[in-house]
Amino acid sequence: MRPPGPAHRSRRLTRGEQHDAPDTHGQTRGRRAAARRRTDPPPPAARGGHAGAGLALGTGAATAAPPTLRKGSKGSSVTSLQKKLTRLEYWCGTPDGSFGHVTQQAVFALPKAAGLGRDGVVGAKTWAALDKGTQPRRRITTGTGFEVDLARQLLIGTSGGRLAIILNTSTGSGERYYSGGRWKRATTPRGDFRMYSLYSRGWQDGPLGRMYKPGYYDRGWAIHGSNSIPTYPASHGCARISVSASERMWSGGFWFRKGRRVLVY
């Protein structure tokens, strides 16, 4: 008998070929399976039945970054800054929500104590130093007196053994200057002194410039108010503080008085 031609030849289909072979409805079994996958409901986790566990991993609300503040800033964040400075004895006057010259002076002082940059900008590191309660170490721990820390350019006031006030200061620049017919060096002598002469009538004119209400403790060296108190040594040798801080120190006749201790180191 003649073997069947190509049109009549039959053979057993492989499993893969069976899967795609036409069924009695004219569809492939593979297509029916795909259709079922499209219409089947998602598993419970995909519908949200157990999705809470997944959302709990790293999707909580992020903590807001503290605001960056500088001179000219205003508002409740500035008030909060001022209150925190005041609690740590960085004097900035009465908290009023306005970042002005006096607040800037306090912001200069804090980073000096914390070993941070002295740009007058309150960023994340300055906020962290505030939250940490950063204060400078003192050498006067009993009685009342001033410390002038030359390395950190800070003036620290202790009253009755307790830290009472911290101020930005600017001392001798180390530069040469000409006065009294000769060249001199702008230095701030170290030592343990006592105030011996006071000038309470506002601005005093001297051979090297004007000083606001100076308290002299060593020959011509004094603690006095100034309109220029940078973060670095810039004076002829005196310890400059702001005019507002000078008024604060003179109020009540407590800080500036003859015999008041001034420790410079």
Side-chain angles (χ1 to χ4, degrees), residues 82-95 101-114 129-130 132-172 187-204 206 211-226 229 231 233 235-265:
Q82 293 168 329
K83 288 180 177 179
K84 288 185 176 187
L85 288 167
T86 298
R87 280 196 294 270
L88 293 176
E89 306 299 348
Y90 293 93
W91 187 77
C92 60
T94 303
H101 173 70
V102 175
T103 298
Q104 184 186 53
Q105 287 294 304
V107 170
F108 283 160
L110 172 64
K112 289 181 175 184
L130 278 170
K132 187 180 177 181
T134 303
Q135 293 176 315
R137 291 184 179 180
R138 294 176 293 142
R139 296 192 183 183
I140 298 178
T141 56
T142 60
T144 300
F146 293 109
E147 298 178 42
V148 179
D149 184 333
L150 298 178
R152 291 182 292 186
Q153 292 290 282
L154 288 173
L155 189 144
I156 306 164
T158 295
S159 176
R162 297 173 63 88
L163 177 63
I165 193 167
I166 308 166
L167 300 171
N168 177 51
T169 192
S170 178
T171 60
T187 59
T188 303
R190 291 171 167 82
D192 200 343
F193 308 100
R194 295 291 187 277
M195 283 189 174
Y196 70 92
S197 180
L198 306 172
Y199 186 87
S200 62
R201 299 189 301 275
W203 290 97
Q204 183 182 44
M211 299 176 288
Y212 188 78
K213 293 188 175 181
Y216 295 92
Y217 60 84
D218 177 30
R219 294 163 289 172
W221 281 268
I223 298 172
H224 67 81
S226 173
I229 320 95
T231 59
S235 78
H236 288 97
C238 292
R240 299 178 186 173
I241 58 176
S242 71
V243 171
S244 297
S246 181
E247 287 287 4
R248 166 68 178 83
M249 305 309 279
W250 275 91
S251 64
F254 176 72
W255 287 103
F256 274 52
R257 59 170 57 183
K258 289 183 179 180
R260 179 65 70 222
R261 186 182 182 188
V262 180
L263 178 62
V264 185
Y265 56 86

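Between H224 and R240, some side-chain heavy-atom pair lies under the 4.5 Å cut-off. Side-chain contact between Q153 and T231 is absent, with no heavy-atom pair separated by less than 4.5 Å. The shortest side-chain heavy-atom distance between L167 and R248 does not fall under the 4.5 Å cut-off. Using a 4.5 Å heavy-atom threshold, the side chains of S244 and Q105 count as separate. The shortest side-chain heavy-atom distance between V107 and L85 falls under the 4.5 Å cut-off. Taking the side chain as every heavy atom from C-beta outward, C92 and T86 approach each other to under 4.5 Å. Within the 4.5 Å cutoff, side-chain heavy atoms of F254 are placed close to those of T144. Counting heavy atoms from C-beta on, the side chains of K112 and D149 never come closer than 4.5 Å.
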### Query
What's the verdict on side-chain contact (heavy atoms from CB on, under 4.5 Å) for I223 and M249, showing C-alpha distance, side-chain angles and the deciding distance?
CA-CA 10 Å; I223 298 172; M249 305 309 279; over 6 Å; no
### Task
Kindly indicate, with the supporting measurements, whether the criterion side-chain contact (heavy atoms from CB on, under 4.5 Å) is fulfilled by H101 and V243.
CA-CA 10 Å; H101 173 70; V243 171; over 6 Å; no
#### Entry: Worked verdict on I156 versus L163 for side-chain contact (heavy atoms from CB on, under 4.5 Å)
CA-CA 8 Å; I156 306 164; L163 177 63; 3.5 Å; yes
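Once rounded to the nearest 0.5 Å, the distance linking NZ of K84 with CG of L110 reads 11.5 Å. Annotation: the span from H236 atom NE2 to W221 atom CH2 amounts to 12.0 Å, rounded to 0.5 Å. Here E147 contributes atom CD and T158 contributes atom OG1; the two are 5.0 Å apart, rounded to the nearest 0.5 Å. In this structure, C238 SG and M211 CE are separated by 5.5 Å, a value rounded to the nearest 0.5 Å. For the atom pair CD1 of I241 and CD of E247, the computed distance is 10.0 Å after rounding to the nearest 0.5 Å. To the nearest 0.5 Å, the span separating CG on L154 from CD on Q135 amounts to 11.5 Å.
A donor-acceptor pair is defined here as one N or O able to donate and one able to accept, closer than 3.5 Å; no such pair exists between the side chain of Y265 and the backbone of A151. The closest donor-acceptor contact from the side chain of S242 to the backbone of A245 lies under 3.5 Å. The backbone N or O of G161 sits less than 3.5 Å from a side-chain atom of R138, completing a donor-acceptor pair. R260 places a side-chain N or O within 3.5 Å of a backbone atom of W255 that can act as its donor or acceptor partner. In this structure, T187 contributes its side chain and G172 its backbone to no donor-acceptor pair below 3.5 Å.
The pair D192-R194 meets the salt-bridge criterion, since a charged nitrogen lies less than 4.0 angstrom from a carboxylate oxygen.
Minimum heavy-atom separation, Y216 to R219: CD2-O, 3.8 Å. Nearest heavy-atom pair across L88 and G133 is CD2-CA, 3.7 Å. In plain terms, the two heavy atoms of K213 and S200 that are nearest each other are CE-O, 3.2 Å. Across Q82 and P95, no two heavy atoms sit closer than the pair OE1-CA, 3.2 Å. The nearest pair of heavy atoms linking M195 to G215 is CE-O, 3.9 Å. Across all non-hydrogen atoms, the minimal contact from A109 to N168 is CB-N, 3.8 Å.
Ring geometry for Y217 versus F193: interplanar angle of 30 to 60°, hence tilted. Ring planes of W250 and F256: tilted class, angle from 30 to 60°.
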